[in-house]
Amino acid sequence: MARPKVIITRKLPEAAELRARELFDVELNAADTQLDVAGLARAMREADGLIPCVADKITAELLAASGRRVKIVSNYGVGYNNIDVDAAKANGVVVTNTPDVLTEDTADLALTLMLATARRAGEGEREVRSGKWTGWRPTHMLATRVNGKTLGLIGIGRIGRAVARRAHHGFGMRVLYHDPFPLSDAEAASIGAERRESIEAVLAESDFVSLHCPATPETKHLMNAARFAQMRNGAILINTARGDVVNEGDLIDALRSGAIAGAGLDVFEKEPVVPDALKGMENVVLLPHLGSATMETRVAMGMRALDNLEAFFGGRAPRDRVA
Ligand code: 8YV
């Protein structure tokens, strides 16, 4: 029997591409260029399985197209807001994601942003590189302490819990969270996390607020002008989740007015576009969506996406099915 045809939209680390070649009749993207809508439409017509990435919008139009051959979309990423899951279900297309394997590295990056923003690391780096550093002095670039402060988590899934563990056990932080699905008492105690009934209650008490919810219609612009007004004046926002969760215009206003003190951002509303207003602010640390960007995790994400395809084409249930 012919091997299933699989198209992978972007270049993956070598180990994952090698395994993809072993398993499938695979089309790789050696040039590593972003596919446009026509390119995605062709992929949907010519492949049995697709591995897309965060920037590939798998729309209702693509999923409902009459010539579609793709039967499974194996997303390279845990977040799958790039895929119209309802349309996939309606059209009988299976969707999977890559949970677990990126939890620890994404949590590390959230802590990186928290520390970098609070301790003015971006600003300090820019000063050194520009040759403007004039030497040590007691009042130079004084920052905000992280240790012992209160961290509020919006969302306490796998990544939120990994952040809580680091913050509580590593930095002696008090950790608050809000999530529609509360932790068990034992789990909450093990990572030192206290639940609050509302997002507002978390915002009111937190020195740092870190977002760990998925991007859904319900969480779109969850952080808006009203919510920034509820944060403490000296507070810092961290976003390693999705740009859509934050109203970027309102964030810029909140930073400008001093409603909040800073932000550490790995994700943006219109990636790769980052508003010039944010680029011009010293109290903001900006990263190019690097949450899962370690070699270890990016290989593991590839293997997990391939595992899901292998199970599906082998007639078994893919372990990470989300639709
Ligand atoms: C990926 C991510 O870089 O997994 C996610 O949800 O945001 C990142 O880890 C991205 O999704 C790659 O497609």
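None of these values were measured; they are calculated from a predicted model. Atoms within a ligand are numbered from 1 in the order they appear, just like the ligands themselves.
- For ligand 1, the atoms sitting less than 4.0 Å from at least one non-hydrogen atom of Leu102 are 4 (O), 9 (O), numbered in the order shown with element in parentheses.
- Side-chain atoms of Asn75 come within 3.5 Å of backbone N or O of Gly79 as a donor-acceptor pair.
- Ion pairing between Arg19 and Asp307 holds under the 4.0 Å rule for side-chain N and carboxylate O.
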Considering only distance and modelled atom types, tabulate donor-acceptor pairs under 3.5 Å from the side chains of residues 86-93, sequence neighbours left out.
| unit_1 | atom_1 | unit_2 | atom_2 | d |
| --- | --- | --- | --- | --- |
| Asn91 | ND2 | Ala87 | O | 2.7 |

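- Of the N or O atoms in Pro52, none lie within a sub-3.5 Å distance of an N or O in ligand 1.
- For the pair Asp25 and Lys5, the salt-bridge criterion is not met [side-chain N within less than 4.0 Å of a carboxylate O].
- Distances shorter than 4.0 angstrom occur between a heavy atom of Arg242 and an atom of ligand 1.
- In this structure a side-chain-to-backbone donor-acceptor pair under 3.5 Å is missing from Asp250 to Val246.
- For atom 8 (C) of ligand 1, the closest heavy atom belonging to the protein is Ser292 OG, 3.5 Å.
- The closest donor-acceptor contact from the side chain of Arg298 to the backbone of Pro13 lies at 3.5 Å or more, if one exists at all.
- Counting atoms of ligand 1 from 1 in the listed order, those under 4.0 Å from a heavy atom of Cys53 are 13 (O).
- Among protein heavy atoms, the minimum distance from atom 13 (O) of ligand 1 is reached at Tyr76 O, 2.6 Å.
- Here's the thing with Ala241: none of its N/O atoms is less than 3.5 angstrom from an N/O atom of ligand 1.
- By the 4.0 Å N-to-carboxylate-O rule, Arg242 lies too far from Glu269 to be salt-bridged with it.
- Close approach to Gly77 involves these atoms of ligand 1, each under 4.0 Å from a residue heavy atom: 4 (O), 5 (C), 11 (O).
- Between Phe24 and Phe313, the ring-plane angle classifies as perpendicular under the 30° and 60° cut-offs.
- For Asp108 and Arg166, the salt-bridge test passes: some basic side-chain N is under 4.0 Å from an acidic carboxylate O.
- Residue, atom and distance of the protein heavy atom nearest to atom 4 (O) of ligand 1 are Val78 N, 2.7 Å.
- Taking every non-hydrogen atom of Arg298 and a distance limit under 4.0 Å, the qualifying atoms of ligand 1 come out as 3 (O).
- Atoms of ligand 1 lying under 4.0 Å from at least one heavy atom of Gly79, given by number and element, are 4 (O), 5 (C), 6 (O).
- Close approach of ligand 1 to His289 (heavy-atom distance below 4.0 Å) involves ligand atoms 2 (C), 7 (O), 8 (C).
- Taking distance alone, with nitrogen or oxygen atoms compared against 3.5 Å, Val54 approaches ligand 1 more closely than that limit.
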